[in-house]
Amino acid sequence: QVQLVESGGGSVQAGGSLRLSCTASGYTYSRNMGWFRQAPGKMREGVATIDSTGAFTRYTDSVKGRFTISRDNAKNTVYLEMSSLKPEDTAMYSCAADTSGRWLGPSSLFPIYYNAWGQGTQVTVSS
């Protein structure tokens, strides 16, 4: 059974930076991974995704140029570097492992393709 544990969330002022980590256990092969976020009253949205090798990534438009997703398969860990944070980035951030076994490109940002989720870590950005 896959287990995902996020860390690194917190409260920062606008313009600040945070680094989120997601450590996986319970499986021995690499899967496509994603970071998603959900703000109160809003639907969950895909923020950034990365294929199993780290060669391909995808970002939602609102974070392009500010967020970077990466992974270290030797440590079973996926990272989300967030900079130039804005109040609208405030949300619960969760990582997830996908079910497809293949890189879906733009579709990788859709939560429906993920079947293992972490509990999430809160990010709060104040103005």
- Atom OG1 in Thr23, atom NZ in Lys75: separation rounded to 0.5 Å? 9.5 Å
- Looking only at heavy atoms, the pair that brings Pro87 and Ser126 closest together is CG-C, 4.5 Å
- side chain to side chain contact (heavy atoms under 4.5 Å, CB included) partner of Leu18, the single match among Val123, Leu80, Thr124: Val123
- Expected output: side-chain Thr90 to main-chain Val125 donor-acceptor under 3.5 Å: yes
- Is there a donor-acceptor contact under 3.5 Å from the side chain of Asp51 to the main chain of Gly54? yes
- Message: Using a 3.5 Å distance criterion without hydrogens, assess whether the side chain of Tyr114 forms a donor-acceptor pair with backbone atoms of Cys95.
- Response: no
- Query: Side chains of Asn32 and Arg58: do they bring a donor and an acceptor to under 3.5 Å?
  - Reply: no
- Nearest atoms (heavy-atom pairs only) where Ala91 meets Ala39: CB-N, 3.9 Å
- Message: Tell me the closest heavy-atom pair linking Cys22 and Met33, and the distance in Å.
- Response: SG-CE, 4.2 Å
- Message: If you compare all heavy atoms of Leu4 against all heavy atoms of Ala116, which two are closest, and at what distance to 0.1 Å?
- Response: CD1-O, 3.3 Å
- Query: What closest approach, in Å, do Thr53 and Arg71 show between heavy atoms, and which atom pair accounts for it?
  - Reply: C-CD, 4.4 Å
- Message: Nearest 0.5 angstrom please: Arg66 CZ to Lys86 NZ, how far?
- Response: 4.5 Å
- Item | Thr121 side chain vs Gly9 backbone, donor-acceptor pair below 3.5 Å | yes
- Message: With a 4.5 Å cut-off on side-chain heavy atoms, are Tyr79 and Thr77 touching?
- Response: yes
- Might you confirm whether atom CD of Gln119 has over 12 heavy atoms from other residues, nucleotides or ligands at distances under 6.0 Å? no
- Message: How about NZ on Lys42, more than 12 heavy atoms from neighbouring residues, nucleotides or ligands closer than 6.0 Å, or not?
- Response: no
- Does the side chain of Tyr93 come within less than 4.5 Å of Val47's, by heavy atoms? yes
- Query: Are Ser17 and Ser83 linked by a side-chain donor-acceptor pair shorter than 3.5 Å?
  - Reply: no
- Query: Got a donor-acceptor contact below 3.5 angstrom from the Arg19 side chain to the Glu81 backbone?
  - Reply: no
- Message: Quick check against the 3.5 Å criterion: does Glu6 have a side-chain atom that pairs as donor or acceptor with the backbone of Gly120?
- Response: yes
- Any chance you could measure Asp98, atom CG, to Arg102, atom CZ, to the nearest 0.5 Å? 9.5 Å
- Decide side chain to side chain contact (heavy atoms under 4.5 Å, CB included) for Ile69 and Val78; before the verdict, give the C-alpha distance in whole Å, the side-chain angles of both, and the deciding distance to 0.1 Å. CA-CA 7 Å; Ile69 189 171; Val78 178; 3.9 Å; yes
- Query: So if you build clusters from Ile, Leu, Val, Met, Phe, Trp, Tyr with side-chain heavy-atom gaps below 4.5 Å, do Tyr59 and Leu109 land together?
  - Reply: no
- Task: Indicate the ring-plane relationship of Trp103 and Phe56, choosing parallel, tilted or perpendicular according to the 30° and 60° boundaries.
- Result: parallel
- Non-neighbouring partners of Arg37 that pass salt bridge (Lys or Arg N to Asp or Glu O under 4.0 Å), sequence neighbours left out: Glu45, Asp89
- Item | hydrophobic_cluster_shared for Ile50 and Phe36, side chain cutoff 4.5 Å | no
- Task: For Tyr113 and Ser107, work out which heavy atoms get closest and say how close.
- Result: CD1-O, 3.3 Å
- Can the ring centroids of Trp35 and Phe67 be said to lie less than 6.0 angstrom from one another? no
- Message: With a 4.5 Å cut-off on side-chain heavy-atom distances among I, L, V, M, F, W and Y, is there a chain of contacts connecting Phe110 to Met43?
- Response: no
- How long is the gap from CD on Gln122 to OG on Ser94, to the nearest 0.5 Å? 10.0 Å
